Novice: 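Below is one structure. I have some questions about it.
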Amino acid sequence: MTAAGLRVVEPVPVLRVQSLVKEYGEGDARVRALRGISLDVQRGDYVAIMGASGSGKSTLMNILGCLDVPTSGSYLIDGADVGLLNEHQLAILRNRRVGFVFQSFNLIPRMSALANVELPLVYGGVGQAERRERALAALEQVGLTDRVHHEPNQLSGGQQQRVAVARALANEPALLLADEPTGNLDTASTNDVLEIMDRLSASGRTIVIITHEDDVAAHAKRVIRLVDGQIVEDRRQAPVDGPPPRLRENDGAVVQ
Ligand code: ADP
Ligand code: MG
């Protein structure tokens with residue numbers, strides 16, 4: 001309550017993670033991949049999760065994306081406690097609330113870019129005409145309007161990853177999760193994909209990107225560093241509701 005007696009309503013974070021622990025295996029073979037991770041991600045934030053190989057980045061991302069379950073701890077997506085959902089509700093959450101981008105693109109071969117982007121909408125039960133319209137709009141957002149009928153093997157790595165970003169966006173997810181999305185790309189394609197992420201962030205998207213490259217993390221508004229399954233650093237580089245650092249000048253003016 002404020003002095004005037006008004007209640008200050010905190011916005012519901014897109015992600016609320018509390019004391020997340022993940023262990024693999026048992027006995028002597030037991031690996032503690034996450035050792036008590038807690039963090040909130042507000043709508044519009046752009047977070048880079050960094051850490052050496054084996055520090056738990058992919059484990060965290062798989063749990064946040066509802067592809068795996070934690071050993072203990074809780075997490076909420078858009079206010080919904082994921083641990084309380086049944087399989088059916090989880091599938092819906094995964095499809096509607098989270099968009100994934102993987103290092104290896106994971107496009108379906110011998111299907112056009114357009115059909116790949118439409119796929120999550122097929123699973124989401126969106127009708128054909130609307131599906132087409134939304135997929136074309138998503139492909140336009142990543143600058144691939146002239147490649148919609150190409151199949152993955154007719155596209156460069158950078159173009160394939162842009163199709164994957166369009167697919168992740170097709171359902172208008174609350175959260176875009178990307179695990180090393182530029183790990184397989186050359187410098188020019190890396191810059192293309194990062195520029196798209198910057199623009200998505202500037203338009204209000206919530207993004208969590210996993211990377212071990214400082215150059216990639218420099219684009220994010222906030223950098224979280226993991227060591228041995230624990231957060232050792234949580235540093236803000238730009239305000240949640242401002243543009244990402246690469247779209248700023250020294251005086252804060254936006255460079256377009
Ligand atoms: P990162 O993505 O940061 O490289 P991971 O999340 O893949 O790290 O792995 C964290 C730790 O958990 C590592 O020690 C890894 O060997 C272990 N690990 C990951 N997945 C499994 C699994 N399915 N079974 C057993 N151990 C695993
Ligand atoms: Mg990994």
Side-chain angles (χ1 to χ4, degrees), residues 14-41 45-77 82-83 87 90-91 93-94 97-107 157-158 160-165 167-168 173 175-187 189-190 193-194 196-197 206-235 237:
V14 173
L15 263 183
R16 167 155 288 176
V17 173
Q18 285 166 327
S19 309
L20 217 55
V21 170
K22 178 68 180 183
E23 295 176 350
Y24 294 109
E26 288 184 3
D28 287 349
R30 193 173 71 160
V31 176
R32 300 191 70 199
L34 299 179
R35 302 166 183 246
I37 301 277
S38 298
L39 71 115
D40 277 3
V41 176
D45 211 350
Y46 181 0
V47 182
I49 297 183
M50 301 196 73
S53 177
S55 58
K57 303 183 299 296
S58 293
T59 299
L60 180 60
M61 156 129 170
N62 288 339
I63 294 173
L64 297 183
C66 311
L67 301 170
D68 199 1
V69 291
T71 304
S72 65
S74 68
Y75 68 112
L76 285 70
I77 297 184
V82 174
E87 271 304 317
L90 258 185
L93 184 83
R94 220 164 18 224
R97 299 271 184 217
V98 189
F100 291 98
V101 179
F102 300 96
Q103 180 171 350
S104 51
F105 321 138
N106 290 10
L107 298 176
Q160 289 183 59
Q161 194 59 305
R162 281 150 66 193
V163 174
V165 171
R167 179 182 58 187
L175 177 67
L176 188 64
L177 274 181
D179 192 356
E180 304 271 7
T182 60
N184 286 359
L185 301 181
D186 60 25
T187 308
S189 300
T190 292
V193 168
L194 291 175
I196 288 166
M197 296 287 197
T206 312
I207 302 173
V208 175
I209 184 172
I210 287 174
T211 183
H212 60 264
E213 292 173 79
D214 290 325
D215 290 356
V216 175
H219 286 251
K221 296 174 179 175
R222 176 180 171 196
V223 178
I224 292 175
R225 201 173 291 275
L226 292 187
V227 173
D228 290 340
Q230 285 182 309
I231 294 178
V232 295
E233 189 188 3
D234 189 343
R235 175 167 51 89
Q237 306 187 130

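The basis for the numbers below is simple: all heavy atoms, side chains too, and nothing from hydrogens, waters or symmetry mates. Remember, it's 1-based here, ligands and their atoms both numbered in the order they're listed. What you see is a predicted model; the values in this text were computed from it and never measured. For reference, positions follow the sequence shown, starting with 1.
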Novice: Find the distance between SG (Cys66) and CG (Leu90) and round it off to the nearest 0.5 Å.
Specialist: 5.5 Å
Novice: So, does Thr59 use its side chain to make a donor-acceptor pair with the main chain of Ala33 at under 3.5 Å?
Specialist: no
Novice: Give the residue and atom name of whichever protein heavy atom lies nearest to atom 9 (O) of ligand 1, and the separation in Å to one decimal.
Specialist: Thr59 OG1, 3.9 Å
Novice: Could you point out which residue of Leu76, Leu64, Ile77 forms a side-chain contact (heavy atoms from CB on, under 4.5 Å) with Val17?
Specialist: Leu64
Novice: Which ligand 1 atoms, with their elements, are less than 4.0 angstrom from a heavy-atom of Ser53?
Specialist: 4 (O)
Novice: Do me a favour and list the nearest non-hydrogen protein atom to atom 12 (O) of ligand 1 with residue, atom name and distance?
Specialist: Ala33 CB, 3.4 Å
Novice: When rounded to the nearest 0.5 angstrom, what distance separates CG in Leu60 from CG in Leu39?
Specialist: 7.0 Å
Novice: To the nearest 0.1 Å, how far is atom 8 (O) of ligand 1 from its closest protein heavy atom, and which atom is that?
Specialist: Gly56 N, 3.2 Å
Novice: With a 4.5 Å heavy-atom cut-off, do Arg222 and Ile224 have their side chains touching?
Specialist: yes
Novice: Could you tell me which atoms of ligand 1, counted from 1 in the order shown, lie closer than 4.0 angstrom to a heavy atom of Ala52?
Specialist: 3 (O)
Novice: To the nearest 0.5 angstrom, please state how far the OG1 atom of Thr182 sits from the CD atom of Gln161.
Specialist: 8.5 Å
Novice: About how many Å separate OG1 of Thr71 and CZ of Arg35, when rounded to the nearest 0.5 Å?
Specialist: 12.5 Å
Novice: Starting from atom 27 (C) of ligand 1, what is the nearest protein heavy atom, named by residue and atom, and what distance separates them?
Specialist: Tyr24 CD1, 3.2 Å
Novice: Which residue holds the protein heavy atom closest to atom 10 (C) of ligand 1, what is that atom called, and what is the gap in Å?
Specialist: Gly54 O, 3.4 Å
Novice: Pull out every atom of ligand 1 sitting under 4.0 Å from any heavy atom of Val31, numbered as shown with elements.
Specialist: 12 (O), 14 (O), 17 (C)
Novice: Give the atoms of ligand 1, by number and element, whose distance to some non-hydrogen atom of Ser58 is under 4.0 Å.
Specialist: 1 (P), 2 (O), 6 (O), 7 (O)
Novice: Is the distance from the Mg ion (ligand 2) to the nearest N/O/S atom of Ser58 under 2.8 Å?
Specialist: yes
Novice: Knowing that exactly one of Asp179, Leu175, Asn106, Leu67 qualifies, which makes a side-chain contact (heavy atoms from CB on, under 4.5 Å) with Phe100?
Specialist: Leu67
Novice: Does the residue Gly51 have a heavy-atom contact with ligand 1, meaning some pair of atoms that are separated by less than 4.0 Å?
Specialist: no
Novice: Kindly state if atom 14 (O) of ligand 1 has a protein heavy atom within a strict 4.0 Å cut-off, that is, under 4.0 Å?
Specialist: yes
